[in-house]
Chemist: 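The structure under discussion is supplied below as structure tokens; questions concerning it will follow.
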Amino acid sequence: MNLMEYQGKELFRRVGIPVPRSQHCKTADDVAAFVEKNPGNWVVKAQVLMGGRGKAGKIKFAKNADEARAVTTDILATPMPPNRQNPNGEPINAVLVEETLDIALEAYCAIAIDRTTKKPVVMVSKFGGMDIEEVSEKHPESIAKHFIDVAVGYSPFIGRELAFASELDPGFRKQFPAIVAGIYDLFFKYGAKLVEINPLALTKDGRVIASDAKIELDDDALYKNPEFKDWQAVLPLDEDEALAAAAGLGIRNFRRFPGDVGTMANGAGLAMGTMDAVKNAGGEIANFLDVGGGANAERVRKCYELVVNHTPAKVFFVNIFGGITRGDEVAKGIVQAMKETTSRKIPLVIRLTGTNEKEGREILAAAGMTPVETMDEGAKRAVELASA
Amino acid sequence: MNLMEYQGKELFRRVGIPVPRSQHCKTADDVAAFVEKNPGNWVVKAQVLMGGRGKAGKIKFAKNADEARAVTTDILATPMPPNRQNPNGEPINAVLVEETLDIALEAYCAIAIDRTTKKPVVMVSKFGGMDIEEVSEKHPESIAKHFIDVAVGYSPFIGRELAFASELDPGFRKQFPAIVAGIYDLFFKYGAKLVEINPLALTKDGRVIASDAKIELDDDALYKNPEFKDWQAVLPLDEDEALAAAAGLGIRNFRRFPGDVGTMANGAGLAMGTMDAVKNAGGEIANFLDVGGGANAERVRKCYELVVNHTPAKVFFVNIFGGITRGDEVAKGIVQAMKETTSRKIPLVIRLTGTNEKEGREILAAAGMTPVETMDEGAKRAVELASA
Amino acid sequence: MSIFLDKNSKVIVQGITGGEGSYHTSRMLAYGTNIVGGVTPGKGGQKTEHGLPVFDTVKNAVNATGATHTVIFVPPPFAADALYEAHEAGITFAVCITEGVPVHDMLKVVATTHGMRIIGPNCPGLISPGRSSVGIMPGHVFKEGNVGLISRSGTLTYEVVDLLTRAGFGQSTCVGIGGDPIIGTTFVDCLREFKNDPQTDAVVVCGEIGGSDEEDAAAFIKAHMPEMPIVAFIGGRNAPPGKSLGHAGAIISGTFGTPQSKINAFKAAGVPVADRPSEIPALLGERLAVRV
Amino acid sequence: MSIFLDKNSKVIVQGITGGEGSYHTSRMLAYGTNIVGGVTPGKGGQKTEHGLPVFDTVKNAVNATGATHTVIFVPPPFAADALYEAHEAGITFAVCITEGVPVHDMLKVVATTHGMRIIGPNCPGLISPGRSSVGIMPGHVFKEGNVGLISRSGTLTYEVVDLLTRAGFGQSTCVGIGGDPIIGTTFVDCLREFKNDPQTDAVVVCGEIGGSDEEDAAAFIKAHMPEMPIVAFIGGRNAPPGKSLGHAGAIISGTFGTPQSKINAFKAAGVPVADRPSEIPALLGERLAVRV
């Protein structure tokens with residue numbers, strides 16, 4: 001789960017990472033009222049998950065209440081412009097009004113999980129404020145990394161070493177170890193997979209402040225902090241995620257593509273393999289769908305309807321290889337789902353093997369469905385049916 | 001630093017260990033007012049560091065406000081009876097009024113530091129409410145221990161294993177892992193050297209509650225929790241500790257004995273060795289005194305005056321072996337201290353060797369003091385002077 | 001021979017009285033796995049429906065049975081605890097089936113359970129055909145033989161095994177290492193074992209997009225196993241880019257993680273990469289023929 | 001030979017520009033210790049008053065000098081951090097002089113700095129007479145020879161060494177292991193080294209009341225070093241009982257910790273126990289004579 005900037009900064013506050021003074025507002029009137037009460041130079045920032053707010057004109061400055069009202073109205077007037085994952089853009093429901101900082105220098109600081117060393121890695125660069133991918137291309141030597149031994153955890157030398165190794169300006173140094181301590185604390189306490197401060201600002205009066213906040217929380221750890229359920233509620237899902245959630249699937253278990261072969265498989269690996277097989281058979285897939293374990297009738301019906309109603313699929317290729325998922329249950333699910341669905345009917349191609357395969361095939365046969373033998377055969381058949 | 005029961009229970013509350021409902025009160029009127037407002041069965045417990053409250057009549061029950069006033073007045077009337085370390089007993093300045101529990105069973109649970117394995121050890125016994133030393137004698141097999149890997153920390157299986165291994169009544173089991181989690185949390189978060197719950201009560205209505213709290217905090221870690229400075233302020237020092245503190249020494253650096261040979265050495269090991277040497281020379285020591293490092297004039301003068309004014313010492317044996325402590329500084333300190341002191345004069349026997357020994361001896365010589373060569377020689381000389 | 005387990009490996013099941021635990025215990029027993037008992041706190045002293053003894057703690061189970069292997073069927077919030085308990089009780093090999101274990105739990109587990117090999121989490125376990133199955137793999141598609149298999153995916157593994165078996169290639173050991181970001185045992189860990197296993201004459205590596213385990217595996221093969229016939233497959237070559245770890249993730253792994261990076265790495269190590277699972281048996285046959 | 005360090009051991013000083021660090025660096029240099037630099041964050045690139053290079057981090061110091069040993073003079077709140085930094089930089093031997101390090105800091109340090117030997121904290125360090133001194137011991141009382149010495153006390157160590165030297169017994173290595181509840185290196189760790197050190201023909205163990213390190217040492221001697229001439233001394237035999245760890249402490253160590261327990265343990269291991277430091281040289285002479 002990716003957090004919005006204002007949520008990220010709230011977590012920064014809790015772990016003692018300095019952030020600019022700010023107010024989260026939902027209307028232009030609220031923004032104007034806040035600026036009226038707190039005179040000064042403010043910046044109004046759209047609260048969205050999509051990147052590119054600056055380029056999209058969704059970050060604007062204001063020196064008084066009238067300006068604040070005007071720029072907020074402007075920001076809220078239109079959604080973020082569309083991109084591939086968000087073909088309708090992203091609605092803007094709130095802004096963050098924040099003090100403008102008199103910035104001397106901008107650095108970059110992040111913590112993430114490194115799969116190879118199986119450790120959290122802290123990354124620091126003296127080039128902040130630009131996309132870190134750009135820094136990595138232009139100044140790869142500028143990125144200092146430290147892989148943390150989680151048995152020890154954070155210790156201040158890590159911050160010191162990173163500051164020296166990345167040649168951070170001495171102005172950062174004194175406060176920097178506490179910043180790294182903060183992101184490590186946040187990372188573990190709240191189960192984050194990524195915490196990024198970009199830019200980490202050094203102000204002209206010598207303060208080190210997190211000017212932006214990008215945090216990805218581990219969905220599997222959300223249960224440890226029940227309040228995050230509320231935080232999640234305000235986060236927008238993209239359209240595929242919203243459809244997946246409505247069908248009772250994990251939000252990452254469904255994604256649409258422009259083809260006409262609908263697919264469903266159990267396990268992300270097999271679901272990807274099914275897509276590959278359809279491509280290899282000369283077809284174009286309509287969707288990726290991992291039904292997960294426990295494919296009962298209700299679940300199968302919902303998946304079928306999701307594909308039939310929300311993609312242009314002409315055929316539904318069901319590819320099940322049973323391990324923890326039992327073939328007889330899946331078969332029962334398919335038969336019952338097809339009985340119960342009220343959606344339009346498209347042909348099914350079923351490949352069912354693995355645990356309780358025999359029982360499953362018997363159930364399908366009894367319902368007049370003949371499963372194919374292999375994935376490639378199924379893909380070929382599905383592509384044929386789609387082109388028919 | 002040992003905490004009083006009410007302080008310990010405050011820490012229990014913070015880490016989620018259930019404790020009885022209670023109120024900390026300083027007067028009988030406060031107790032009576034509290035009981036008036038909260039009808040029920042209450043127990044009034046003197047808040048002191050000394051053990052043996054029950055036997056001393058300092059734990060009493062009350063069923064109404066009048067009884068509560070009466071028993072509190074009685075408890076506050078006299079100090080705790082004296083023991084060896086507290087020849088004047090311990091004053092009672094406050095009580096804890098606490099709900100009485102309807103107890104079904106009492107267990108024992110503690111965490112401490114094991115020097116040999118270099119790990120925290122959790123100890124559990126189903127025999128609670130009695131002195132654990134007694135349990136250890138009578139039912140040694142009943143004490144289950146778990147040595148915790150601090151790189152991992154607490155994990156619930158530890159509580160489960162201990163509950164099963166100590167054959168705790170099943171009534172404890174469900175809540176027990178959270179109790180152990182709590183004491184481990186407290187142990188690390190607040191830098192405790194010992195956390196003991198005795199008894200850990202199982203009430204007749206199935207609640208598991210810490211009925212008493214015994215906590216020793218690591219003096220070296222107090223700086224991490226500044227509030228403990230305030231907590232420390234209300235804790236009584238025994239007389240030797242109070243004298244040591246007044247002289248600017250650590251409270252464990254000074255202790256009196258009934259003899260007439262005053263001593264001072266640098267380092268606890270040498271201070272103990274000095275005592276041994278005096279004993280071996282046939283003398284009786286007046287005190288143990290570890291002056292620590294950096295024995296400057298002010299420090300030496302205060303130590304001298306501490307011994308001269310508060311013990312019946314007839315001689316002051318100064319035994320310095322310089323490592324981190326430099327002989328010349330100590331010598332200067334001794335010379336200046338003897339010039340500045342306004343207390344009565346007793347003969348000094350000085351043994352000074354180690355780092356900057358030569359310079360130190362020259363300074364002493366210039367002041368007309370002739371140091372002895374060895375510790376045994378110094379002890380012999382001191383004993384002779386004391387008997388003279 | 002086989003890697004990680006053999007017919008005599010004594011296995012316990014943590015969570016044996018739960019639905020999944022009980023079901024898969026039956027299946028493992030049917031396969032011939034030497035399951036010696038299970039653990040469910042509070043049910044110590046009882047017998048399972050399979051007639052196996054239940055213990056309150058792993059320590060008790062190990063003391064009573066001499067178990068060295070465990071397979072864990074517990075809900076995600078309790079998986080790390082189960083692994084710590086197994087480690088402290090002296091278990092040396094643990095398979096964690098559980099899906100959805102917080103990644104931070106695993107970061108700490110892998111950093112602190114030295115001396116215990118962990119397969120998973122979020123994995124189907126492993127099987128040494130004809131000897132033992134520890135996990136949830138469907139035993140009937142496997143066949144004893146001389147091909148080792150390592151896979152990040154669950155169901156895709158069965159797919160590949162099925163193809164191998166049908167093509168006449170039996171397996172020495174098949175390991176589903178799991179697809180989570182932090183797993184106990186990587187491709188390289190398994191390759192090292194296969195290298196030293198006299199029964200294993202060839203290896204199939206089933207990778208996936210993302211991460212850099214495949215690149216590490218290719219580098220290991222190049223350096224340490226150039227003679228071993230090995231075939232690779234990369235799943236998800238047509239997969240959506242999806243929501244990544246974010247920018248920082250890209251920096252850690254550099255250009256790694258893309259299908260092309262993985263394919264290039266394997267090719268540079270002399271390892272042919274199948275375009276689809278059904279090509280694997282033929283490529284394997286070629287490699288084994290070259291060797292002979 | 002000597003244990004833990006020799007003339008060539010490259011030593012850095014953490015906290016070299018502080019008062020104590022600077023003073024004792026001078027003394028160690030005067031003794032002949034091969035100090036190659038020091039660490040003070042923010043002063044990297046400077047030179048100390050002794051002409052040694054200062055580095056911002058231990059890693060930089062190790063990279064530039066090849067140091068393997070460190071001696072730490074930093075205030076108590078920073079001692080654990082200094083030890084972690086040394087460990088991560090590849091230092092294999094650390095002496096921590098600092099007094100007052102929180103015991104929980106040390107619990108975690110000893111549990112996580114595998115591969116680095118730590119002496120202390122709250123210790124005077126060690127000295128291999130004629131070769132190197134790492135710490136704060138007064139070098140002039142030591143003399144090169146064949147007696148190893150281990151002590152929990154600081155100043156009492158010098159006392160004993162002084163007596164040994166005056167009696168003609170030179171020392172191979174003298175280690176002050178520190179008196180804190182949790183220390184990096186125990187009597188047994190040192191005895192194991194002395195057992196394998198060809199220069200060490202005899203050992204003096206200076207214990208103290210409290211804990212059970214002495215009992216452990218006696219058991220080790222009995223089991224592994226029965227032939228080595230060893231003499232023990234227990235300080236604080238007339239010490240006040242003091243405020244103990246509380247009841248729980250007594251249970252952990254059982255009846256251990258009392259002077260009598262320690263004396264009995266040594267006697268059971270065939271190790272004579274001196275009643276006072278000045279008896280040590282004579283007892284050592286007897287033990288060495290028996291051996292010859």
Chemist: Non-hydrogen atoms of chain B under 4.5 Å away: do they reach the side chain of Pro277(D), the backbone, both or neither?
Modeler: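 For Pro277(D), the contact with chain B is made by the side chain alone.
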
Chemist: Only one of Ile234(D), Val231(D), Asn264(D) clears side chain to side chain contact (heavy atoms under 4.5 Å, CB included) with Val273(D); which?
Modeler: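 It is Ile234(D), the one option of Ile234(D), Val231(D), Asn264(D) that forms the side chain to side chain contact (heavy atoms under 4.5 Å, CB included) with Val273(D).
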
Chemist: Under a 4.5 Å heavy-atom cut-off, does chain D meet the side chain of Lys279(B), its backbone, both or neither?
Modeler: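 For Lys279(B), the side chain is the part near chain D, not the backbone.
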
Chemist: Is the backbone N or O of Lys193(B) less than 3.5 Å from a side-chain atom of Asp218(B), with the two atoms forming a donor-acceptor pair by type?
Modeler: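 Checking the backbone N and O of Lys193(B) against the side chain of Asp218(B), no donor-acceptor pair under 3.5 Å is found.
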
Chemist: Taking side chain as C-beta onward, heavy atoms only, is Phe233(D) less than 4.5 Å from Val205(D)?
Modeler: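 Contact flag for Phe233(D)/Val205(D) side chains = no.
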
Chemist: Are any non-hydrogen side-chain atoms of Thr113(D) and Lys108(D) less than 4.5 angstrom apart?
Modeler: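 Contact flag for Thr113(D)/Lys108(D) side chains = no.
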
Chemist: Which atoms of Val188(D) are under 4.5 Å from chain B, going by heavy atoms: the side chain, the backbone, both sets, or neither?
Modeler: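 Neither part, no heavy atoms under 4.5 Å.
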
Chemist: Who pairs with Phe188(B) by ring pair (Phe, Tyr, Trp, His ring centres under 6.0 Å), at least two apart in sequence or on another chain?
Modeler: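 Applying ring pair (Phe, Tyr, Trp, His ring centres under 6.0 Å) to Phe188(B) gives Tyr184(B), His104(D).
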
Chemist: Is Leu107(D) in contact with chain B via its backbone, its side chain, both, or neither, using a 4.5 Å heavy-atom distance?
Modeler: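 Contact with chain B involves both backbone and side-chain atoms of Leu107(D).
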
Chemist: Which answer fits Asp275(D), side chain, backbone, both or neither, if we ask what part of it has an atom under 4.5 Å from a heavy atom of chain B?
Modeler: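 Backbone only.
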
Chemist: Given a strict heavy-atom distance threshold of 4.5 Å, which part of Arg256(B) is in contact with chain D: side chain, backbone, both, or neither?
Modeler: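 Contact with chain D is absent: no heavy atom of Arg256(B) under 4.5 Å.
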
Chemist: Taking side chain as everything from C-beta outward and backbone as N, CA, C, O, which of these in Ile183(D) sits under 4.5 Å from a heavy atom of chain B? Side chain, backbone, both or neither.
Modeler: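 Backbone only.
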
Chemist: Contact part of Val103(D) toward chain B, heavy-atom cut-off under 4.5 Å: side chain, backbone, both or neither?
Modeler: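 Both the backbone and the side chain of Val103(D) come within 4.5 Å of chain B.
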
